[in-house]
Amino acid sequence: MWGGRFTKGRSAIPELPEVETIRRELSPWLTGRIILSANLVDASPGPKYANLERAVSQRIMTVKRRGKFLLLPLDKGDELIVHLGMTGIISPTAPKKHLRVKLELNPGENSTLYFQDTRRFGRFLLVPAGQYQSLPTLAAMGPEPLSKDFNPGQFQKALQASATAIKTYLLSQKPVAGVGNIYADEALWRSRIHPLSPAKQVAKRQIPLLLNAIKEVLTESIAAQGTTLNDYRTVNGDLGSFRNRLKVYGHENEPCPNCGDVIERIVIAGRSTHYCPRCQKAHKEVKR
DNA sequence: CGAGTGCCCTGACAGC
DNA sequence: TGCTGTCAGGGCACTC
């Protein structure tokens with residue numbers, strides 16, 4: 001099961017569906033296991049790798065997820081937090097390079113956990129359970145996108161709180177958890193909202209459309225993710241079904257699947273942003 | 001304190 | 001072929 005699935009390069013960016021898939025696989029492996037040792041390898045203690053020594057002799061109670069964070073409550077009051085960043089990989093197989101953390105578990109199947117992270121954007125740390133002050137994005141995170149807490153009333157209220165560009169605001173994780181760069185573009189395209197529209201100026205009738213688009217793209221990609229991972233295990237690379245479903249992301253200068261106009265790429269908040277200038281009119285033009 | 005900018009980090013890739 | 005430069009991006013420190 002754990003063969004080489006996560007060990008090849010060019011893995012997809014870990015977005016919420018992929019983190020959820022990983023969570024589901026970690027759960028039967030790690031739930032109930034006791035951490036015998038926790039060591040940094042090719043990494044230095046700091047905000048991204050904090051307090052791991054406290055993990056020793058604690059039992060992993062469960063494997064949870066909030067947005068793109070993995071949360072592993074331990075039985076003596078601490079919580080192990082893992083964020084995969086761009087390139088983080090959790091595996092029972094030792095990586096050849098860029099190993100950052102090594103956990104020894106009580107004897108049993110796969111008794112070593114390796115955290116590999118090529119680009120060092122990931123995190124692997126311990127905090128007192130629920131104390132997320134050192135992780136401000138997690139502390140201020142909005143509702144889970146596939147939960148009932150993510151509803152039109154809540155979403156509209158959240159959008160009213162910010163004048164920043166809707167794309168930027170979605171990436172902040174504040175109005176809703178787990179929406180990354182790819183899904184933000186896809187959801188905005190589906191709901192015909194310009195990525196630079198100020199959040200508080202998104203038309204009221206479009207708010208439930210955006211909400212549904214977010215739920216749809218995440219649900220569809222969770223469904224496609226299994227396929228992607230299955231393909232991934234047997235074929236070279238991971239250009240699986242999910243990637244083929246993207247309508248605008250990565251399709252700069254190609255025709256919009258909806259209207260045929262040319263998809264444009266701009267940079268918002270330092271992230272590449274893809275949209276159809278015809279389907280996704282700027283707020284002013286919509287209003288006029 | 002909200003909003004905006006740049007940094008972290010490495011590998012893939014383009015261009016010469 | 002091999003070197004150099006550019007790009008990618010989640011989260012956060014920093015600035016105003």
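Every chain is numbered from 1 and lettered A, B, ... according to where its sequence line falls, protein lines coming before strand lines.
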- Please examine the side chains of A:Asp261 and A:Pro277, heavy atoms only from C-beta on, and report whether any two atoms are closer than 4.5 Å. yes
Report task. Assign A:Tyr249 to base, sugar-phosphate, or nothing according to its heavy-atom contacts below 4.0 angstrom with the strands shown. Result -> sugar-phosphate
Rounded to whole Å, the CG-C1' distance (A:Leu84 to C:dA8) equals 17 Å
The side chain to side chain donor-acceptor pair (under 3.5 Å) partners of A:Arg65 (sequence neighbours excluded) come to A:Glu20, A:Glu144
Sequence neighbours excluded, the answer for ring-ring contact (aromatic ring centres under 6.0 Å, His included) partners of A:Phe69 is A:His83
Go through A:Asn258 and A:Arg192 one step at a time and tell me if the side-chain hydrogen bond (donor to acceptor under 3.5 Å, both in side chains) criterion holds. CA-CA 10 Å; A:Asn258 183 54; A:Arg192 308 283 183 256; 3.2 Å; yes
Separation of C:dG9 atom C1' from A:Asp185 atom CG, nearest Å, is 12 Å
With sequence neighbours left out, the residues meeting ring-ring contact (aromatic ring centres under 6.0 Å, His included) with A:Phe155 are A:Phe150
A:His83 has its side chain closest, among C:dC12, B:dG11, C:dG11, to C:dG11
In short, side chain to side chain donor-acceptor pair (under 3.5 Å) pairs touching residues 146-155 of chain A with sequence neighbours left out are none
- prompt: Quick one: is B:dG11 close enough that its OP1 or OP2 comes under 4.0 Å of any side-chain N or O from A:His98?
  reply: yes
Quick note, ring-ring contact (aromatic ring centres under 6.0 Å, His included) partners involving residues 34-64 of chain A, not counting sequence neighbours, are none
Short N/O separations, protein against nucleotides 13-16 of chain C, under 3.5 angstrom:
none

Salt bridge or not between A:Asp185 and A:Lys167? Use side-chain N to carboxylate O under 4.0 Å.
yes
The answer to which of A:Arg265 and A:Ala269 contacts DNA chain C further toward the 5' end, by nearest nucleotide, is A:Arg265
Between NZ of A:Lys96 and C1' of B:dT10 the distance, given in whole Å, is 18 Å
Rounded to whole Å, CD1 of A:Ile268 lies from P of B:dA3 at a distance of 15 Å
**Prompt:** Does a salt bridge link A:Asp78 with A:Arg54, judged by any charged N lying under 4.0 Å from a carboxylate O?
**Reply:** yes
With a cut-off of less than 4.0 Å, is there a side-chain N or O of A:Lys48 near OP1 or OP2 of C:dC12?
no
So, with a heavy-atom separation below 4.0 Å from DNA chain B, the residues of residues 117-131 of chain A are A:Thr118, A:Arg119, A:Arg120, A:Phe121
Within residues 157-182 of chain A, those residues having any heavy atom closer than 4.0 Å to DNA chain C are A:Gln173, A:Asn181
ring-ring contact (aromatic ring centres under 6.0 Å, His included) filter on A:Phe115, not counting sequence neighbours, yields A:Phe124
Those residues at least two apart in sequence (or on a different chain) that pass side-chain contact (heavy atoms from CB on, under 4.5 Å) with A:Lys102 are A:Val41, A:Glu104, A:Thr112, A:Tyr114
Sorted by chain and number, sequence neighbours left out, side chain to side chain donor-acceptor pair (under 3.5 Å) with A:Tyr169 holds for none
Practice problem: Name the nucleic acid region contacted by A:Leu135, choosing base, sugar-phosphate or nothing; use a 4.0 angstrom heavy-atom cut-off, strictly under. | Solution: sugar-phosphate
query: Are any of the side-chain nitrogens in A:Glu186 or A:Lys247 under 4.0 Å away from the carboxylate oxygens of its partner?
result: no
- Task: Return yes when atom CD of A:Glu109 has more than 12 non-hydrogen atoms of other residues, nucleotides or ligands closer than 6.0 Å, and no otherwise.
- Result: no
Students should find that the end-to-end axis angle of the helix from B:dG2-C:dC16 to B:dC16-C:dG2, with five pairs defining each axis and rounding to 10 degrees, is 40°
